[in-house]
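Only one structure is covered here, and it is reproduced in the block below.
In the text below, chain A, chain B and the rest are named by the order of the sequence lines, each starting its count at 1. Because only heavy atoms are used, hydrogens play no part in the values below, and waters and symmetry mates are left out as well, while side chains stay in.
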Amino acid sequence: MTVITRFAPSPTGFLHIGGARTALFNWLYARHHGGTLRLRIEDTDRARSTEEAVQAILDGLTWLGLEWDDAPVRQYTRAERHTEIVRALLAEGKAYQCYCTPEELTAMREAARAAGKPTRYDGRWRDRDPSEAPPGAKPVIRFKAPQAGETTIDDRVQGAVRTANEQLDDMVLLRADGSPTYMLAVVVDDHDMGITHAIRGDDHLTNAFRQVQLFRACGWTPPVYAHIPLIHGADGAKLSKRHGAVALGAYRAMGVLPEAMRNYLLRLGWSHGDDEIISTAQAIEWFELDTIGRAPARFDPEKLLSLNSHYMREATDERLLEGIAPVLAEQGGRHLDEADLARLGRAMPGLKLRAKTLLEIIENAEFLFQTRPLVMSDKAARLLTPEAHEMLARLRAELDALEDWKASSLEDAIRRFSEQVGLKLGKIAQPLRAALTGSTVSPGIFDVLDALGRTECLARIDDALNVGTTE
RNA sequence: GACCCCUUCGUCUAGAGGUUAGGACACCACUCUUUCAAGGUGGAGACACGGGUUCAAUUCCCGUAGGGGUCACCA
């Protein structure tokens, strides 16, 4: 059997971490089996669906590298097909018109709840003749669900889950305005799209019972279900906006690499022994539904960032450099000119070891772009003692005489100088770092010298030497 | 409230009827060292509780507690 999975988000907001993981699992499962991943935009809620959200979802998936196969299906455009199915159900007596008012329904639920019973529609229009309908009222169409027995789902993650049919009520298929509901649309679309495996959040688990019943009523076979546990926030509740950054785009914006995000999401609820760093190729090879855990996982940004610094260290300088421009643009930060980029490129090997995100690289590279004279941090200023001034003046002369301005020769020269003047390297490097970067913290001092270039370095040293002189 | 699901270090997880219960992130210490990171070494840190079953249970079963999800003319 060819595997066909699907990712079916509703475009009512941004693609968030949880949705991204669901997409990843569907993609991985399809790729593992040489199958197909289809994308369906569940936009039957016209009021809440937006084009921006559709675009954000597409962008997010593309960024993550989860390519889908076939054009995305817009659920809304299939309304005619959905109502056609309902007409057939109606004709077969498997659905019926219901004229309950919203007030009646509310009262029904409250009464049921007060009596300690499941809050469900009581089926009062199930066998009534439409001729009893209140004049002028528009009915909804409800599914005539089985009332006895039980429905079982053989879920690939949750195992066999069963529910008594009396717990389930007659769900609405068509609204009073004739538009299809989600419950109807998913079933018809999953069938029409040939979906063999529905991998989705387990917030859909209870829906699955009703959907299975509908599948059967239509004479179709439901897909294999795999309800994966939700991702929770640090407090253990379903991930939502109040947990801070939950939009995939927020992580892209701060310069998280897609492979880091993929790796992190993969390890939430799924594992392969003790493996932590897992390439996408390996993930495709190893991924199976049976190894997905059943307990919800909490989202831990620290671990994501840790994975990201790993992948940044592995990335080429060129790739990082390219990635920085969009991050800068998104942050509305400074524009880097040719010279800035050249410096950044030279400093990249040292910078990428010291940052957890691309954004952090930029922050740590600030000293490269600063215009003279530098703003000194207090700590840095304190390093520039009279002795340091004297040392820097002598060092400046040495550097000025240096022919080959590159990290290795700079290191040789400074180490030689260190022995000459009988000072430990730290006594030289720290004041020099202060003069060059205005800070006590930076990449390796030889790399800093190299990245900045001769002219700029000498000028910055001069600036430092001039501080405190009266003129 | 009804129904369903879940429970191993703080977090993500591995694990087997008999293990010193393993790894990763975070944390601490040491080390390396030109700062900060990274790296290396080491440390602290968990089987929710109560009953069974069993020679043996953290692992299987049943309860309890706690957490979560779903109960729309939203998806």
- Message: Between the side chains of A:Arg124 and A:Glu104, is the shortest nitrogen-to-carboxylate-oxygen separation below 4.0 Å, so that they form an ion pair?
- Response: yes
- Residue-phosphate contact under 4.0 Å: A:Arg354 side-chain N/O, B:U35 OP1/OP2: no
- Task: Remember a base hit wins even if backbone is also touched, and classify A:Ala295 as base, sugar-phosphate or nothing at under 4.0 Å, heavy atoms.
- Result: sugar-phosphate
- Sub-4.5 Å side-chain heavy-atom contact between A:Met348 and A:Ile324: yes
- Task: Please work out if A:Arg142 contacts a base, only the sugar-phosphate, or nothing of the nucleic acid, heavy-atom cut-off 4.0 Å.
- Result: sugar-phosphate
- Query: In whole Å, what is the span from the CD1 atom of A:Ile153 to the P atom of B:C3?
  - Reply: 17 Å
- Query: What is the nucleic acid contact for A:Leu230, judged by heavy atoms within less than 4.0 Å: base, sugar-phosphate only, or nothing?
  - Reply: sugar-phosphate
- Item | Minimum-distance nucleotide (side-chain atoms of A:Asp45 versus B:G39, B:G68, B:A75) | B:A75
- Message: What contact category does A:Met171 fall into here, base, sugar-phosphate, or nothing, at under 4.0 angstrom with non-hydrogen atoms?
- Response: nothing
- When you check the phosphate oxygens OP1 and OP2 of B:C6, does a side-chain N or O of A:Arg294 lie under 4.0 Å from one of them? yes
- Task: Searching all strands shown, indicate the nucleotide that pairs with B:C32 (Watson-Crick or G-U wobble; both distances under 3.5 Å).
- Result: none
- Within the modelled atom types, does a donor on one side and an acceptor on the other bring the side chain of A:Asn207 and the base of B:A75 under 3.5 Å apart? yes
- note: A:Glu166, atom CD; B:C4, atom P; distance rounded to Å ~ 11 Å
- Message: Need one value for A:His204: base, sugar-phosphate or nothing, where a base atom within 4.0 Å counts as base even if backbone is also close, heavy atoms only.
- Response: base
- Are A:Asp169 and A:Arg210 within salt-bridge range, i.e. N to O under 4.0 Å? yes
- Task: Name the nucleic acid region contacted by A:Lys356, choosing base, sugar-phosphate or nothing; use a 4.0 angstrom heavy-atom cut-off, strictly under.
- Result: sugar-phosphate
- Task: Could you work out the separation of B:A57 and B:U13 based on their P atoms and round it to a whole Å?
- Result: 28 Å
- For the side chain of A:Ser306, counting heavy atoms from C-beta on, which of B:U35, B:U13, B:A26 is nearest? B:A26
- Applying the 3.5 Å cut-off to both distances, the Watson-Crick or G-U partner of B:U54 turns out to be none
- Can you check whether A:Arg48 has a side-chain N or O nearer than 4.0 Å to OP1 or OP2 of B:A75? no
- Under 4.0 Å between a side-chain N/O of A:Ser271 and OP1 or OP2 of B:A14, yes or no? yes
- Task: Give the intermediate values and the outcome of side-chain hydrogen bond (donor to acceptor under 3.5 Å, both in side chains) for residues A:His82 and A:Asp189.
- Result: CA-CA 8 Å; A:His82 301 147; A:Asp189 291 347; 2.8 Å; yes
- Under 4.0 angstrom, heavy atoms only, what part of the nucleic acid is A:Leu205 near: base, sugar-phosphate, or nothing? sugar-phosphate
- Query: Would you call A:Lys427 and A:Glu390 a salt bridge, taking side-chain N to carboxylate O under 4.0 Å as the test?
  - Reply: no
- Would you indicate, yes or no, if B:U70 has its OP1 or OP2 atom less than 4.0 angstrom from a side-chain nitrogen or oxygen of A:Lys238? yes
- Does any nucleotide pair with B:A37 by Watson-Crick or G-U wobble geometry, both distances under 3.5 Å, and what is it? none
- Indicate, with a heavy-atom threshold strictly under 4.0 Å, whether A:Gly269 touches base, sugar-phosphate, or nothing. sugar-phosphate
- So what does A:Thr119 touch, heavy atoms closer than 4.0 Å: a base, only the sugar-phosphate, or nothing? base
- Paired to B:G1 by Watson-Crick or G-U wobble criteria (both distances under 3.5 Å) is B:C71
- Note on the structure: Answer for the Watson-Crick or wobble partner of B:A46, both distances under 3.5 Å, is none
- Task: Spell out yes or no: do the side chain of A:Arg267 and the base of B:U11 have one donor N/O and one acceptor N/O closer than 3.5 Å?
- Result: no
- Sugar-phosphate only, base, or nothing, as touched by A:Pro229 at under 4.0 Å among non-hydrogen atoms: nothing
- Query: A:Arg298 side chain: which of B:U34, B:C12, B:C6 is closest?
  - Reply: B:C12
- Is the closest basic N to carboxylate O distance between A:Arg6 and A:Glu42 below 4.0 Å? no
- Task: On RNA chain B, check which nucleotide each of A:Tyr99 and A:Leu268 is closest to and give me the residue with the more 5' one.
- Result: A:Leu268
- Item | Any-strand Watson-Crick or G-U partner of B:A26, both distances under 3.5 Å | none
- Is a donor-acceptor pair below 3.5 Å formed from side chain A:Asp274 to base B:G22, judging by atom type as modelled? yes
- Nearest nucleotide by nearest heavy atom, which residue falls closer to the 5' end of RNA chain B, A:Gln158 or A:Glu276? A:Gln158
- Between B:U70, B:A75, B:C4, which nucleotide has the shortest distance from any of its atoms to the side chain of A:Thr163? B:C4
- Message: Which residue is it: A:Asp43, A:Thr22, A:Val54, A:Ile57? I am looking for the one with a side chain to side chain contact (heavy atoms under 4.5 Å, CB included) to A:Pro9.
- Response: A:Ile57
- Message: Whole angstroms only, please: what is the NZ-C1' distance between A:Lys303 and B:G10?
- Response: 13 Å
- When rounded to the nearest Å, what value does the distance between C1' atoms of B:G42 and B:U54 take? 40 Å
- Item | Note, A:His243 side chain near A:Phe299 side chain (heavy atom, < 4.5 Å) | no
- Could you check whether A:Ser418 gets within reach of a base, just the sugar-phosphate, or nothing at all, counting any heavy atom under 4.0 Å? nothing
- Query: Are any of A:Ser442's side-chain N or O atoms less than 4.0 Å away from OP1 or OP2 of B:U35?
  - Reply: no
- Query: Which nucleotide in the set B:C25, B:A72, B:G39 lies at the smallest distance from any side-chain heavy atom of A:Arg109?
  - Reply: B:A72
- Query: Charged N to carboxylate O below 4.0 Å: is that the case for A:Arg113 and A:Glu110?
  - Reply: no
- Query: Across all strands shown, which nucleotide pairs with B:A21 by Watson-Crick or G-U wobble geometry, both distances under 3.5 Å?
  - Reply: none
- Counting any heavy atom closer than 4.0 Å, what does A:Phe299 reach on the DNA or RNA strands: base, sugar-phosphate only, or nothing? nothing
- Message: Can you measure A:Asp202 atom CG to B:U70 atom C1' for me and round it to whole angstrom units?
- Response: 10 Å
- Contact class for A:Gly444 (heavy atom, under 4.0 Å): base, sugar-phosphate, or nothing? base
- Within the structure shown, what part of the strands sits under 4.0 Å from A:Val161 by heavy-atom distance: base, sugar-phosphate, or nothing? sugar-phosphate
